[in-house]
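What follows is a short report on a single structure.
These figures come from a predicted structure and were not determined experimentally.
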Amino acid sequence: MKHTIKALLLITTFIFCHYMMKEFWGDNWVSVLSDLDQQSALLLFPAKYLFIYGPLLVVATLSFKHESWYNVLGVDIEGFQRYLLAAVVCCTPMVIGYAYLSNALNLSITGIITGSIYAGVFEEIIFRAALFGVLFRFCRWGFIPAALISSTIFGLGHIYQGHDAISAVMAVAITTIAGTWFAWLFCECGYRIWFPLWMHIFMNAAYGIFSMSGGAAGDLKGNFFKATAIILSILYVNLLIRRGKPRQITLSTLFKKCPGFSSQHYKLATQNT
């Protein structure tokens, strides 16, 4: 019952943040921060993310005081550089392919920071660690229900990338699947956010730098090269498993409530990652 109450509190807080905190943000802050960062959104974006979703991060960490805050949010620094290198390797074929397909370059540093780095950092911590991660790891939800909640909301947040009804549905469907894939990477990489975070940043950056068309749904050629990054990431995780890392997502954790996540579970999950 305690886990059910905490799960309901977390989901309620997320809904409040996602739909209500925007109303408290106010246009005055937009004007002030936009003037300070000279309309670049370098200050506006992180300030808005933290204001809107700050209560969710607080509730997620305070609800499980027996765990360190960096464990709950998946930001244990262990593996930071290793997962950076792995993401570079996984995304390199996609970058080369996009470079081949591209007819224009967008090398705006501001655009890379706001559209790729900020998106990767905040969306992975909020949707994968604080929402999905807490429901799956600590509230004993199965992988599929926990992933569906976080990934569907994540997908709906990309509906604007469709230019008509069909493309909008495709954008939501593809980003929902992507959110579930990121959640799987998060679990299988020691419940640390670094690998999905780096993959998210590099894939967004490649898409923006090479001015790829088609929104989240992409096009056939672009999706082919995007698939190479996804396939390589799956192969990388399977390499970790072959080297002895315990598999976290199994048939027993898909729908049923997973066992309580103790410090011992965390040690097992992070072996060889």
Can you sort out the partners of [X] under ring pair (Phe, Tyr, Trp, His ring centres under 6.0 Å), two or more places apart, ordered by chain and number?
X      : answer
Phe45  : none
Phe195 : Tyr83, Tyr236
Phe202 : Trp198
Trp181 : none

>> Cation-pi check for Phe64 against Lys6: NZ or CZ below 6.0 Å from the six-membered ring centre and within 45 degrees of the axis, yes or no?
In response: yes

For the residue pair [X] and [Y], establish whether any side-chain heavy-atom pair is separated by less than 4.5 Å.
X      : Y      : result
Phe132 : Ile149 : no
Arg192 : Arg82  : yes
Arg247 : Thr250 : yes
Tyr98  : Lys226 : yes
Tyr191 : Gln248 : yes

>> For Leu105, I'd like to know if atom CG has over 12 heavy atoms of other residues, nucleotides or ligands within 6.0 Å.
In response: yes

> Take atom CZ in Phe16; do more than 12 heavy atoms of anything else shown fall under 6.0 Å from it?
Replying inline: yes

Linked, directly or transitively: [X] and [Y] (ILVMFWY side chains, under 4.5 Å):
X      : Y      : result
Leu239 : Val89  : no
Ile96  : Tyr207 : no
Val95  : Leu107 : yes
Tyr19  : Leu131 : yes
Met203 : Phe224 : yes

Which atom of [X] lies closest to which atom of [Y], heavy atoms considered:
X      : Y      : answer
Gly115 : Ala119 : O-CB, 3.5 Å
Leu43  : Asp37  : N-OD2, 3.0 Å
Lys22  : Ile52  : CG-CD1, 3.6 Å
Leu135 : Ala7   : CD2-CB, 3.8 Å
Asn106 : Ser211 : CB-OG, 3.9 Å
Pro55  : Cys17  : CB-SG, 3.7 Å

> Between Tyr53 and Ile125, does a side-chain contact (heavy atoms from CB on, under 4.5 Å) hold up when you go through it step by step?
Replying inline: CA-CA 10 Å; Tyr53 294 103; Ile125 291 176; over 6 Å; no

> Are side-chain N/O atoms of Asn71 and Arg137 paired as donor and acceptor at under 3.5 Å?
Replying inline: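 Judged by distance alone, the side chains do pair up.
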
> Can you list the other members of the hydrophobic cluster that holds Leu8, where links are side-chain heavy atoms under 4.5 angstrom apart?
Replying inline: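 When side chains under 4.5 Å apart are linked, Leu8 ends up in no cluster with other residues.
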
>> Checking one residue: Val58. Which other hydrophobic residues are in its cluster under the side-chain 4.5 Å linking rule?
In response: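 Under the 4.5 Å side-chain rule, Val58 groups with Leu62.
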
By side-chain contact (heavy atoms from CB on, under 4.5 Å), which residues pair with [X], not counting sequence neighbours?
X      : result
Leu9   : Thr13, Val59, Ser63
Ile249 : Phe136, Phe143, Trp184, Cys187, Glu188, Thr253, Leu254
Trp69  : Thr61, Leu73, Val75
Thr110 : Ser40, Leu42, Ser108, Thr114

> Within the side chain of Trp141, is there an N or O that forms a donor-acceptor pair under 3.5 Å with the backbone of Val134?
Replying inline: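 No: the side chain of Trp141 does not pair with the backbone of Val134.
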
> Do Phe127 and Phe14 make the cut of ring centroids closer than 6.0 angstrom?
Replying inline: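 Under 6.0 Å, so yes.
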
> Are His3 and Phe138 close enough that their ring centers fall under 6.0 Å?
Replying inline: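 His3 vs Phe138: aromatic centres not under 6.0 Å.
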
Output the distance between atom [atom1] ([X]) and atom [atom2] ([Y]), rounded to the nearest 0.5 Å.
X      : Y      : atom1 : atom2 : answer
Ser151 : Arg128 : OG    : CZ    : 6.0 Å
His18  : Ile126 : NE2   : CD1   : 10.0 Å
Cys91  : Leu232 : SG    : CG    : 8.5 Å
Met212 : Met94  : CE    : CE    : 9.5 Å
Ser102 : Ile209 : OG    : CD1   : 10.0 Å
His200 : Glu123 : NE2   : CD    : 4.5 Å

> Can you list every ring pair (Phe, Tyr, Trp, His ring centres under 6.0 Å) pair that touches residues 99-125, not counting sequence neighbours?
Replying inline: Tyr49-Phe122

>> Show, in sequence, the C-alpha distance, side-chain angles and deciding distance for Ile201 and Ile112, and conclude whether the side-chain contact (heavy atoms from CB on, under 4.5 Å) test is met.
In response: CA-CA 9 Å; Ile201 288 174; Ile112 293 172; over 6 Å; no

> Given Ile234, which of Ile230, Val237, Ile231 fulfils the side chain to side chain contact (heavy atoms under 4.5 Å, CB included) condition?
Replying inline: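 Of Ile230, Val237, Ile231, side chain to side chain contact (heavy atoms under 4.5 Å, CB included) with Ile234 is met by Ile230 alone.
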
>> Test side-chain contact (heavy atoms from CB on, under 4.5 Å) on Phe186 and Ile193; report intermediate values, then the result.
In response: CA-CA 6 Å; Phe186 171 68; Ile193 205 64; 3.6 Å; yes

